[in-house]
There are 2 protein chains.
Amino acid sequence: MVGIKEVAEKAGVSVTTVSRVMNNRGYIGDKTRKKVEDAIKELDYSPNQIARTLLKNQSYLIGLIVPELSHPFFSELIHWIEEYASRKNYKIIICNSLQNAQKEADYLTMLRENRADGIIMCSHTLEIEEYKKINIPIVTFDRIISSSIPYVASDNYHGGELAAQHLIEKGCKNLLHISGPLEFDMLSNRRADAFQLTCSRHKVNWEVLEGANIEATYADNWRFIDENLKASLSNYDGIFCSNDLMAYTLVTYARHMDIQIPEELKVMGYDYHSFTRMLQEPKLTTIKQPIEHLGKSLSRTLIKQIESKDPDHNIQPTIYDIDLVIGNTT
Amino acid sequence: MVGIKEVAEKAGVSVTTVSRVMNNRGYIGDKTRKKVEDAIKELDYSPNQIARTLLKNQSYLIGLIVPELSHPFFSELIHWIEEYASRKNYKIIICNSLQNAQKEADYLTMLRENRADGIIMCSHTLEIEEYKKINIPIVTFDRIISSSIPYVASDNYHGGELAAQHLIEKGCKNLLHISGPLEFDMLSNRRADAFQLTCSRHKVNWEVLEGANIEATYADNWRFIDENLKASLSNYDGIFCSNDLMAYTLVTYARHMDIQIPEELKVMGYDYHSFTRMLQEPKLTTIKQPIEHLGKSLSRTLIKQIESKDPDHNIQPTIYDIDLVIGNTT
DNA sequence: TAACTGTGTGAAATCGTTTAATATATGCTA
DNA sequence: TAGCATATATTAAACGATTTCACACAGTTA
């Protein structure tokens, strides 16, 4: 591929002059500019950004690590992350961790070696120390890593509260929450906290069951329900699932067991991503995450951090409120 | 960030020696190796891949251009593209064209300037000439650009044929095909070709209506059906949609019009991606694309092309067969 | 006329690696 | 003792851009 040298040669000027024309810097005579532009066109010259990156130490590259990119929630989140980033001229390298700690660590190493300008972490399988030591601007989704690393999240506590309140208002007396895995200290765990507290406050029976995993298919969810709830399902009159896919599975499972939804059992989900919006029957009652805001905010927060001279400036967390979407399952 | 020079200084050797230790090249004494490794560890040295890329002219970067990354078909395709590529140590830059020609052209320029090793094109809004002149290894999905550019696709013709045959076998006499936009010469247009031919061969009435767009939401599809088929819907007893989302919308629309599915109208989709697999009611009859094979094959074909010395070697197209998945809408 | 200002251009250093060419020391063989 | 293979480490050029500094020339000002 032709470089700036060939262009300079063809135009009969120095490489400095070509660089000047390309970047509109310094004085350039009209005739010289013309000569250079002609040479660029004729040789179909394309400036080598790699060389620029090396010199300037700025790659305009953002690493995006997600637990599963084909999950409807994350694919939608990625959409908005990319939308904002591309408008600001940043590129996104997509890293699919599959919740595998080794893969996640490898991706971090790769991003560091390739001098990514920043990292958006939506997957959290490593210890906090691992993230702290990579020394690249980071913003996390749904997890607090340290006070110097900003995070973006929706108001999970409020989400859990709204869900419990809604079920209670609808008359439920025996509630169950099927939560995500609680082992890592993620902010989505606040849904379970709020759920418990709200139930207790209203003197309503409650239980929590861990089992709503991101990577689970319909069949996985079905199996989980069948193994853990087959016998006890009729004990509950309201179930709040930590994601819509589990809620959907539960609704069809319950119907299959001849339990009337919502009369005998009310079911709520969480997310309201493209799958749920598309779904017409049932229309799930769920908590809507502001995915567009979350995605854009992740990009915005990271880029602001990258471009601010003062590294400790603006590391405020951003928390978006959620909405209750009422369907016909409650 | 520390460079190889600082490491060399700390270890009391030359940069060449450090480079040798890193890459296991040439002779290195045990004591020297130890000194270097200690220095690397102590300084937390991370080799700069950008510099390597500049020198070797190999970025291990693949540009992936898709029309809409949050669409269930493409997000699943991306999953498998990434899966294969990451195993071969390639990185994926994700480019969401949104079917916008300007955005697509900008992405191509960006990938060229960043010296991507190759490009996977799943979005096709530009003229063929534009793709030919970028001079980077390309593989396309679902479109033939030139005889020197390999493509991967599923057997769209067979898909259209199977769909028509199935509806005919089920007794349909008046068929409609809601196709994708036919303006660009994409291989998915073969579905419409095969549909027409198969109908004609079996002496069955048929029509084709363009309107199944990738970016369409449920509401968009509903509006399309309402505007174009409201009056004529009862004229048909079988409709083959070019994607599952349109088929799903159509099923709910028809039911809303009190048309019995499948008794009065049989509906088929195309894709069988995660949304359709998750969906329990209706269970769509559809044509299953082998998304995993398609994604891996896109990566494999591109990487083979990148790594082969002979640039004209192995530009065979790859075509995967499809399957009929029978649900309860036919 | 000397100093200054505005305009236009080029040589060379720099970013962080790899690698070909070269140097040096050691031990072995003829 | 020269010749040679082996082992180890270094020097310097290269990759393709940007940028600092230097310089040349023309016109203006004091």
### Summary
Residue pair A:Val18/B:Gly29 against DNA chain D: nearer the 5' end by closest nucleotide is B:Gly29
### Task
Pick base, sugar-phosphate or nothing for A:Asn57, based on heavy-atom distances below 4.0 Å to the nucleic acid.
nothing
### Query
Is the distance from OP1 or OP2 of C:dA25 to the nearest side-chain N or O of B:Tyr27 less than 4.0 Å?
no
### Message
Does the Lys NZ or Arg CZ of B:Arg143 fall within the cation-pi geometry relative to B:Tyr151 - under 6.0 Å from the ring centre and within 45° of the axis?
### Response
no
#### Entry: Among A:Asn96, A:Leu126, A:Leu98, side chain to side chain contact (heavy atoms under 4.5 Å, CB included) partner for A:Glu104
A:Leu126
### Message
Please report the distance, rounded to the nearest Å, between CG in B:Leu55 and C1' in D:dA14.
### Response
7 Å
### Query
If you find the nucleotide of DNA chain D closest to B:Ser14 and the one closest to A:Gln49, which residue's nucleotide is nearer the 5' end?
B:Ser14
### Task
Provide, to the nearest angstrom, the distance between the CG atom belonging to A:Asn114 and the P atom belonging to C:dC15.
20 Å
### Message
Taking the minimum atom-to-atom distance to the side chain of A:Ser19, which one of D:dT19, D:dC15, D:dT10 wins?
### Response
D:dT19
### Query
What's the shortest heavy-atom distance between A:Ser75 and A:Leu69, and which atoms?
CB-O, 3.3 Å
### Atom CD of B:Glu113 with >12 non-hydrogen neighbours under 6.0 angstrom
yes
### Nearest-nucleotide pick for A:Asn48, side chain only, options being C:dT9, D:dG16, D:dT18
D:dG16
### Message
Over all strands shown, is A:Ile28 touching base, sugar-phosphate only, or nothing at heavy-atom distances under 4.0 angstrom?
### Response
sugar-phosphate
## Note on the structure
For A:Pro67 and A:Ser123, the nearest pair of non-hydrogen atoms, with its separation, is N-CB, 3.7 Å
### Query
Rounded to the nearest Å, what distance is computed from the CG atom of residue A:Asn24 to the C1' atom of nucleotide C:dG8?
15 Å
### Query
OP1 or OP2 of D:dT10 sitting under 4.0 Å from any side-chain N/O of B:Thr17?
yes
### Query
How many Å lie between CZ on A:Arg52 and C1' on D:dC15, as a whole number?
16 Å
### Summary
Between NZ of B:Lys5 and C1' of D:dT11 the distance, given in whole Å, is 14 Å
### Task
Fit a plane to each ring of B:His124 and B:Tyr131, take the angle between them on a 0 to 90° scale, and name the class: parallel (under 30°), tilted (30 to 60°) or perpendicular (over 60°).
perpendicular
### Task
Figure out the CE/C1' separation between B:Met22 and C:dT19, and round it to whole Å.
15 Å
### hbond_proxy A:Arg20 side chain to C:dG10 base (donor-acceptor, 3.5 Å cutoff)
yes
#### Entry: B:Lys56 NZ - C:dT19 C1' separation (whole Å)
10 Å
### Query
For the pair made of CD1 in A:Ile50 and C1' in D:dA17, what is the distance, rounded to whole Å?
11 Å
### Message
For a quick test of reading the model: is some side-chain N or O of A:Arg25 closer than 4.0 Å to OP1 or OP2 of D:dT18?
### Response
no
### Task
Check whether the side chain of A:Thr16 and the base of C:dA11 form a donor-acceptor pair under 3.5 Å.
yes
### Message
Nearest to the B:Thr32 side chain among D:dT8, D:dA17, C:dT17, which nucleotide is it?
### Response
D:dT8
### Task
Please determine, for the side chain of A:Val13, which listed nucleotide (C:dT17, D:dT18, C:dG10) has the closest atom?
C:dG10
### Query
Are B:Asn23 and C:dT18 close enough that a side-chain N or O sits under 4.0 Å from OP1 or OP2?
yes
### Query
Among D:dA17, C:dG10, C:dC15, which is the nearest nucleotide to the side chain of A:Leu54?
C:dC15
